[in-house]
Amino acid sequence: MKLIATALSALAALSIASSPSAGVNPGDTITKDQADKVADLVSPGNLVLVKQGMTMKIVPTGRLEWPPPYKSATEKYSPQVNLAPDGTLKGYAAGLPFPLVDSNDPQAAQKVMWNFSYRPLYTDDAIAKNVELASYRPGSAPADPVEHFTIGNVGFYNNTGRTEVNPIPTNSDALAAGIRYRFGAYPVLEPSELRGFGLIRYRNMDPKIEDNSWMSTPSSRRVRRISANELSDVLGMYDAGFGGGSGAASYASNLDPDSFFGFAAKIEDFNYKLLGEKSMLAVANAANSPAKLCEGDGGRTICPENWEMRRVYVIEADAKQTSLLGSGVSIPKRIFYIDSEGWFITASDQYDREGKLWKTLATFNAYRDRPVPDARVAIWPFKRMFQTALVDEDVTNGFSTVLLSPGFETEEHEGWYINMGVASDNFFNPVTMSNAAH
């Protein structure tokens, strides 16, 4: 375990280095009136969230231990991993591809992104039940969203990088069908006009093959194929009929599938640049699960929540004009802030075609052995990292969408079932999605 010990020792040193700075200390509560204190400790977009009323409780920096099977897989397989000259991953089996990243390495940015892609959050399968999304405009109240959505199931099934549920480390489907993982989100349960809406996405092993994706449409009661460009937009939440934009006032959301969990587009479709390493504030061990909507800004963010100093990699991602995504992508440039221990995106600022800040994402992450304190089924043998909420706000107009997992208005509130063998192949079948829409 020498490699893992060296990597964790380095991270421990980074945690010490990322102790209180810039006048922010554990025990402080940052309100919008003290936003200037964190101006250098959050992303430019996240600073807008603080200024509009997102309260931050500053807590000591904690340690995020990887699940033991993930640690073992990293020690066993990472020595065989490398990058091709074009940045594609070679020799990967399971665990973290690159436990040690040298910032002077010309391929450092690509290595950070592959570490994010194979992060320890959910290596085998995961299902989140009754995920909630609520959208707010400035001046609204948490109890009065512009729109409220509930999605019955959001799930993943990984064919590669498996560490806990057989087959380990690779499902033969990865070789037979060339599929790296499957993602599904369906059916939308509310609002009633969108009931039955759903999305399935297959990520291919071959970097030259774009994602295969399908969407169920409640208006036509059918499943249709969708393109990579469509996945960078909000996929019909503006228009239940997918035709004339008639639903623009009713089905309001900011969140696009490529922004799920901070970033979900194909890694190979972007060029990356390491802008640096930095100590910044992030939510890595949330106090609340389910998360709580912020009263101070009308429900547009999550607060009060525990924020701690974390060492992050700052990565610029620009869509490749030569990819199939090409010039049609809705968000051509993103700046990611990636935790160097948990390898999740803590924040992401998104820029329009003129290079102006357009939207900002903040993720809220927990570290515990169950998704909610009173869980009866989803209880894990060790602490895991998982996302409790995501905020996606358009900083040009203040319109915000908040995703909650687990949700707080549903009877089934345990939320996350991670690496428990709950997600089956059948769930990720377009026919199953179509049947669920009826």
Side-chain angles (χ1 to χ4, degrees), residues 113 116-117 119 121-122 126-128 131-135 147 149-158 179-189 194 196-204 209-218 223-240 242 247 251-270 317 319 323-326 328-334 336 344-345 348 350 358-363 387 389-394 400-405 423 427-428 430 433 436-437:
M113 291 308 301
F116 160 74
S117 190
R119 58 200 182 277
L121 274 71
Y122 38 80
I127 287 285
V131 174
E132 295 183 54
L133 291 89
S135 294
E147 193 65 89
F149 307 91
T150 301
I151 304 175
N153 302 279
V154 175
F156 294 86
Y157 187 91
N158 292 323
I179 297 171
R180 178 186 155 190
Y181 72 74
R182 293 177 169 89
F183 167 83
Y186 73 86
V188 167
L189 302 176
L194 281 179
F197 179 93
L199 168 70
I200 286 176
R201 183 176 198 171
Y202 290 2
R203 176 65 44 83
N204 289 277
I209 300 177
E210 265 306 336
D211 293 349
N212 294 314
S213 304
W214 299 262
M215 183 167 59
S216 63
T217 61
V223 171
R224 70 177 180 90
R225 294 290 294 268
I226 55 176
S227 68
N229 288 340
E230 290 178 90
L231 293 169
S232 68
D233 211 336
V234 292
L235 278 191
M237 291 297 191
Y238 288 113
D239 175 16
F242 308 99
Y251 310 111
S253 173
N254 282 337
L255 189 59
D256 60 278
D258 277 356
S259 294
F260 291 172
F261 299 94
F263 185 60
K266 197 174 182 72
I267 295 291
E268 297 92 340
D269 282 348
F270 288 75
S323 71
L324 290 178
L325 201 62
V329 66
S330 296
I331 304 169
K333 176 182 175 181
R334 303 168 186 248
F336 302 130
F344 48 81
I345 287 175
S348 171
Q350 303 176 348
W358 172 23
K359 298 200 300 177
T360 188
L361 273 65
T363 70
Q387 181 179 285
L390 180 147
V391 172
D392 185 339
E393 178 162 317
D394 184 334
S400 178
T401 297
V402 182
L403 181 149
L404 300 162
S405 56
F427 174 73
F428 304 97
M433 180 173 66

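The figures here come from the full heavy-atom set of this structure, side chains too, leaving out hydrogens, waters and symmetry mates.
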message: Please enumerate all residues that pass side chain to side chain contact (heavy atoms under 4.5 Å, CB included) together with Ala423, with sequence neighbours excluded.
response: Asp125, Ile127, Phe428
Is there a side-chain contact between [X] and [Y] (heavy atoms, below 4.5 Å)?
X: Asp256; Y: Ser330; value: no
X: Val329; Y: Asp269; value: no
X: Gln387; Y: Phe344; value: no
X: Ile179; Y: Asn212; value: no
X: Phe261; Y: Ser405; value: no
X: Leu361; Y: Ile345; value: no
X: Ser232; Y: Ile331; value: no
X: Leu199; Y: Ile226; value: yes

message: Between Tyr181 and Arg203, do the side chains contain a donor N or O and an acceptor N or O under 3.5 Å apart?
response: yes
field: Between Ser259 and Gln350, a side-chain donor and acceptor under 3.5 Å
entry: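 A donor-acceptor contact under 3.5 Å links the two side chains.
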Kindly state whether the ring of [X] and the ring of [Y] have centres lying under 6.0 angstrom apart.
X: Phe260; Y: Phe183; value: yes
X: Phe336; Y: Phe270; value: no
X: Phe149; Y: Phe197; value: no

query: For Thr150, which of Leu404, Leu189, Val188, Leu194 qualifies under side-chain contact (heavy atoms from CB on, under 4.5 Å)?
result: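 The single option meeting the side-chain contact (heavy atoms from CB on, under 4.5 Å) with Thr150 is Leu189.
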query: Hey, does the side chain of Asn254 reach the backbone of Asp392 with a donor-acceptor pair shorter than 3.5 angstrom?
result: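 Indeed, once roles are kept as given, a pair shorter than 3.5 Å links the two residues.
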- prompt: Would you find a donor on one side and an acceptor on the other, under 3.5 Å apart, between the side chain of Tyr186 and the backbone of Phe427?
  reply: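 Here the side-chain-to-backbone pair exists.
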State, to 0.1 Å, how close [X] and [Y] come at their nearest heavy-atom pair, and which atoms those are.
X: Arg180; Y: Ser117; answer: NH2-OG, 2.7 Å
X: Ser216; Y: Gly198; answer: OG-N, 2.8 Å
X: Ala265; Y: Arg201; answer: CA-NH2, 3.9 Å
X: Pro187; Y: Gly196; answer: CB-CA, 4.1 Å

Distance (rounded to the nearest 0.5 Å) between [X] [atom1] and [Y] [atom2]:
X: Ser135; Y: Leu255; atom1: OG; atom2: CG; answer: 9.0 Å
X: Leu231; Y: Glu210; atom1: CG; atom2: CD; answer: 8.5 Å
X: Leu403; Y: Leu133; atom1: CG; atom2: CG; answer: 4.5 Å
X: Asp394; Y: Ser400; atom1: CG; atom2: OG; answer: 9.5 Å
X: Asn158; Y: Arg182; atom1: CG; atom2: CZ; answer: 11.0 Å

- request: May I ask you to say whether Lys359 pairs ionically with Asp258, meaning some side-chain N is under 4.0 Å from a carboxylate O?
  value: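 Salt bridge between Lys359 and Asp258, a charged N being under 4.0 Å from a carboxylate O: no.
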